[in-house]
Every structure is written in structure tokens, then in C-alpha cells.
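The structure appears below as C-alpha cells.
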Number of protein chains: 2
Amino acid sequence: LTCDPVVEGVHFDRDTAPELIGAKAVGRNLSDLAAIGAVADYLLVSLLLPAGFGATAQDALLRGIERAADEHGCAVIGGDTSASPGPLVVTITAVGHLEGPPLLRSAARPGDRIHLTGPVGGSRSGRHLRIRPRLVEGRWLAALPGIGAGIDVSDGLALDLATLLRASSAAAGQELGAELDATAIPIHDDAQRLADPLRHALGDGEDHELLFTWRAGAALPDRGPLADVARRPFGRVLAEPGLWLRGADGSRTRLEPLGHEHPIQR
Amino acid sequence: LTCDPVVEGVHFDRDTAPELIGAKAVGRNLSDLAAIGAVADYLLVSLLLPAGFGATAQDALLRGIERAADEHGCAVIGGDTSASPGPLVVTITAVGHLEGPPLLRSAARPGDRIHLTGPVGGSRSGRHLRIRPRLVEGRWLAALPGIGAGIDVSDGLALDLATLLRASSAAAGQELGAELDATAIPIHDDAQRLADPLRHALGDGEDHELLFTWRAGAALPDRGPLADVARRPFGRVLAEPGLWLRGADGSRTRLEPLGHEHPIQR
């Protein structure tokens, strides 16, 4: 079960097409199911509609939600609509089930190699509205014997990696860290076009690729949904705290977690 | 599964105590579970926090949510927090299960007597913040052989009755209506203090009592959770469309559905 809102002025702009808003709301939640290796079953949709968001826009929004649900084999089974004095808010609750072991944030171990299901950075140029939840990849990864931990990149690669390491440290009873190879991080073309692509890859978020760790010594399968994933890992998990970036010149610098901090960090 | 938001400026005011906001958000959703006769299990909590809703207020809000969840034997198992440029919004998804047959909106039949689990009207004076979800009553009713249809009074007695009749008409393949006895509708003390108490009882909403129909000829048990409910029904289901109010003088007037219409009526 997962529940996540998209809010006008935060996750989309006033002039975003309603179909895309609906699709994004679905994609964010299905990505959360993908991150645990679940199959998506049902969606509940709660809409807060500002004055002036008329019937045509509502129809388009619901069409975007239903199409995205259809595309991933799940069904909208209920919800609620309220008028609101505030911005447009679409809150979706997604219900899924596991057909095998879950993919866990807490399962990383020292020595694990760090991978992504696809390149990251620059999502703000439009990709953040066209989320491809990695449901197939998540289920597939969760069932593999070489798998370590997994999480989806929503807040930014560095911040989500820190979250994964925090969960894994608690589970291992040992402070874990990671070192990333700056030359090997898969950077999206959308970020390559920007100044400082690496910074965007580490911090932008809303990529919704799966970040996962893979046991040292295990072979990453070259068939299945990950056949297109870069074979080369771009980092490894350390048996000491801290996030480190190894540069092309061999230098090692401390990486501050960049990305979208949640307003409540308890 | 049910999902319902409470929004600042719609369901509570800026100066409402955060504990009460949290409790109301839980109560509304548990009332939806009560209305189908379910047992409450889990809650997901999605918060949209405006600037200035600080840590103390957040703590109080979460305390209100957790206390209300505890009180009804369910657990907060997850959720999400986002900053928002708009009003405070608390969206709760509640998960329950059935231990017997569901209480359905669609099960009313001509001749059924109409009851409430408690008096209605005047909730705006404060009761709307202190919802008592009728979980025990809903489960108990759903299992009784004399039960017809059931719904919780959230939008207003007349409007929720119209919803129940619409669902039952569709299921019966026959247009159903109802006649209410103006002298027998259980009116809350909060409405008795107002001008035109009957209008408030019919239209105010946010009562969260269960409105249910009972088969003609079946005896309403005088034990169990409904022992305190008025034994006398205040209306009956008709085999013809329309909502009618029978006055003390025997006059019969058509009742327009009063109450809070949802902005989308599909």
C-alpha cells in the first residue's frame, strides 16, 4: 500500500496538461510499488479541485489516470472528490501484491555494487511528467539471488542512496556508506544538455529509475528486463559511514546529500 | 479501502486545534468503513503542509491521528508528507476487512422502515470535529437477517438517503422513493437550539450516524449496540420515485435533496 500526492505549484505547473498530471500521479505511486518488487492491482483517487478547474479539465485528468492505470494492468476502484480553496491536488493510493520476496531498502551489505535501471538527471525538462514505473524490473530484481537493496529515485540519486544506506545500516547494526565513480554514473541526455550534468544526475530526482545494489561476486544477468542496463556498476557499498565521490583523477570528495528533502524528517 | 481528505477552509478552520483535525480525518474514513460493516485495520496518512504549520502543530496533528487510530483498533502503517503552497490537507486511506456480509447501499426494498443509529443535525457547532464512527454498529447491523441497506450520513440525511435510494433502485431495477415522518426524525440537541431544527437535521451532514433500512415485519433487536437507538422508525421506502415529508398535520410535501453536493456528480 502506498499513498502519494501531486500538488499544483510543487509537482506540476498551472499550465500542465491535465492528462499529464493524472499520468504523473499514477506513475509516482506505481514507482513506489516497483521499488518493493510488487505487482500493481488497484488505485484509489482523491481529487481536490480548485474553482475554475472545469468539467473538460476534470475529464482529461481522469482520462490520464485511467490510461496510466490501464497501461500497467491496474484498475481505479474508488476515490473521492472535494472542492478546495487551494491548488489542484491529486492523491493516489496504490494497492499491490508480492509474488515473491520483496525488494528492500534495508538489504545492502558492504561490498555490494551499485546500479541503476536507467540514466538519471534533468527530469525537470519534461520527463518528470512521463514516469515509466519500473514494475517489471522491480519484480525481476527482487527474485534474483544476487540482489541486495533497492529504492526508486524520486528525491535524487544522492538522497535516495543515503536513505537506502540508512535503512541498511539499521538492519545490519553497522554504519554503511558508499563510494560512487563520477565517471561511471549513468547521466541522462536531458542532464547532459545542462551546465554541470553530474550535479543534476546526483540531485534532481523524479527520475523514478530503480537504484539497486548487487552482491559482489554475483553475475548480473545479461538477459531479461535489465539486458539494456549498463553492465558496469557505478559505485560500491562501504563498511564505513559517508557518501564519497571518486573523480576521474582518483580524488575522493565527500558528497553532501543533494535533492528534495521532505519537510518533515523525523 | 476508502480514501477521503479533510481540507482547511472546507472541513475545518485555520484556528481548529491540530489534534482535532487529525481525529476528524481518521473519523471520516473509519465512518466509511463502518458504513459497509467492516473492521478497521490500517491507515495511510498523506499530509500537505503549508508554510508556517510548524513542528509543534505537526506533532499535535499526528498525535490526533494516532490516538483516533488507537481508539478504533487500527494502525498507521505509512504515508507521505509534502510541503504545499495551498491549505493544510490531511488525506487518509483506510483499509479494513469484512468478517461477514457487507452492509450495502443498494439493498433497500419497498416497505423497508428507515432508521438512524443516532440523532442528526447541527454538527457544525463542534460535533463535526468529534466523529464517532459507528464501526461496532455497522458490523452488527450487516449480520442481522432483518437488515436492508445502509449508508453513513456525511453529506446530509436527505442527500445520503437519496444516494441510498438511487443505488437500491439500480439494483432492484425499479424506481424507489421514501416518505419521512417529520415528527419522528431524530433531531440532535445541537440542531434543536437552532432556527428550523428539521432543516438542519435533513441537510447539515457530517453527522456520521448510520442511516439504515429494516425489513417490514422483522423485529429490530432490543439488545446489542442498537439498544439505545429509538425503536420507532421515522420513514419507509416506497415503490415509487421521490422523497416525501409527511407533516404533523398529515400533509405530504416533496423534499428536495438538501446537503453538500459533491462538485463532480457523474
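- Electrostatic pairing of B/Arg127 and B/Asp207 counts as a salt bridge here, judged by a charged N lying under 4.0 Å from a carboxylate O.
- Between chain A and the options B/Pro87, B/Pro50, B/Gly78, the largest number of non-hydrogen pairs under 4.5 Å is found for B/Pro87.
- Proximity to chain A is limited to the side chain of B/Val95, based on heavy atoms less than 4.5 angstrom apart.
- A donor-acceptor pair under 3.5 Å is absent between the side-chain atoms of A/Asn29 and the main chain of A/Thr93, judged by distance alone.
- A salt bridge links A/Lys24 to A/Glu206: at least one charged side-chain nitrogen sits closer than 4.0 Å to a carboxylate oxygen.
- At a 4.5 Å heavy-atom cutoff, the contact between A/Leu1 and chain B is made by backbone and side-chain atoms alike.
- Contacts between A/Val89 and chain B at a heavy-atom distance below 4.5 Å involve the side chain alone, from C-beta outward.
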Apply side chain to side chain contact (heavy atoms under 4.5 Å, CB included) to B/Val76 and B/Ile65, showing your working. CA-CA 8 Å; B/Val76 177; B/Ile65 290 170; 3.9 Å; yes

